[in-house]
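Sequence positions, counted from 1, serve as the residue numbers for this chain.
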Amino acid sequence: MAVWQTFRGVMTLRTETFVSFRDDPGGLRRGIVWLIAVTLIAGSLVFVTDLAQSLRPVEARVEAMQQGMEEGLRQMQRFMPPGSVPPDVLDQITEGFQAGMKIATEIAFLPTILPRPIAAFLESLGEWWSTPFARMGRWLGYALWVMLAAKLLGGRGGLRGFLATTSLYAIPQVITILRPVPFLGALLGWIAAVWGWLIYVKATAVAHGWVETVPTESGEVLERTRWGRAIAAVLLPLLVCVILALLLVMVVVIVIVAVSR
């Protein structure tokens, strides 16, 4: 019941759910457990499908890739003007792909210490179990910059409470368990990303005291969230990265023009 209440509270952006993580001394541990569990659940179907693919005979996988490449070329030619791609270019693409497949097949048949099914299982299992730690690395790296931006904007939250609340952003990723399903998986991925971003903004607002309760004359209590500050804190690191990237491109272009003269 507590798990369902937490899930529902986070998904519906209930302030009291985020406050419970922010003020709980063990809130950060709870948040990390949620992040790891959700990531593993979301990747479980991918693990099964990848394992099934890796256990197929090498010849069957090569044949499937060959068919996919040929279908891709046919689709490309269908959307391009007739004669726009010379036949020799298509031949070179096909020859290059076949050469690559030959090398990949030879590597796949190299002797291994463990039997191939066991090696394939352990490889797929390792990739599956490593996904939560990759997500944690991205979450922690970005959170430090958002924390700095929030402090510059007047935020009063501490690092532990901020990490405890923002770790909940991963919860919508549970719907991406259907990622291998064509079209539906991509749609659910976008929904989970937008939903997670809203949760991250709400968590930032709660962690830094940008959610206020205001009593009314009728005795009711209204909740006000300073969305502007929270959104600015979340987007400011991205904006800085974009500006720095543009400046770097400008510098490179200026240097190239100066050298070419």
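Using a 4.5 Å cut-off between side-chain heavy atoms of Ile, Leu, Val, Met, Phe, Trp and Tyr, with links allowed through other members, V253 and I243 fall into different hydrophobic clusters. V33 and W4 are members of different hydrophobic clusters when ILVMFWY side chains are connected at heavy-atom separations under 4.5 Å. Clustering ILVMFWY residues whenever any of their side-chain heavy atoms sit less than 4.5 angstrom apart, transitively, puts I177 in the very cluster that holds V174.
Cluster partners of L153, using a side-chain heavy-atom cutoff of under 4.5 Å among ILVMFWY residues and allowing indirect links, are W210. Members clustered with W190: none, using a 4.5 Å side-chain heavy-atom cutoff among hydrophobic residues.
Looking only at distances, a side-chain donor or acceptor of R22 sits under 3.5 Å from a matching main-chain atom of V206. Using a distance-only test at 3.5 Å, with no hydrogens or angles considered, no donor-acceptor pair links the side chain of K202 to the main chain of V10.
A search for side chain to side chain donor-acceptor pair (under 3.5 Å) contacts involving R8 returns nothing, not counting sequence neighbours. In this view, R30 and D24 satisfy the salt bridge (Lys or Arg N to Asp or Glu O under 4.0 Å) rule, not counting sequence neighbours.
Counting only residues at least two apart or on different chains, the side-chain hydrogen bond (donor to acceptor under 3.5 Å, both in side chains) pairs with a member in residues 152-174 are W139-T166.
The neighbour count for W128 CH2, taken as heavy atoms of other residues, nucleotides or ligands under 6.0 Å away, is above 12.
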Let me have the donor-acceptor pairs involving side chains of residues 38-48, under 3.5 Å, with sequence neighbours excluded, atom names and distances please.
residue	atom	partner	partner atom	Å
T39	OG1	L35	O	2.7
T39	OG1	R135	NE	3.0
S44	OG	I41	O	2.7

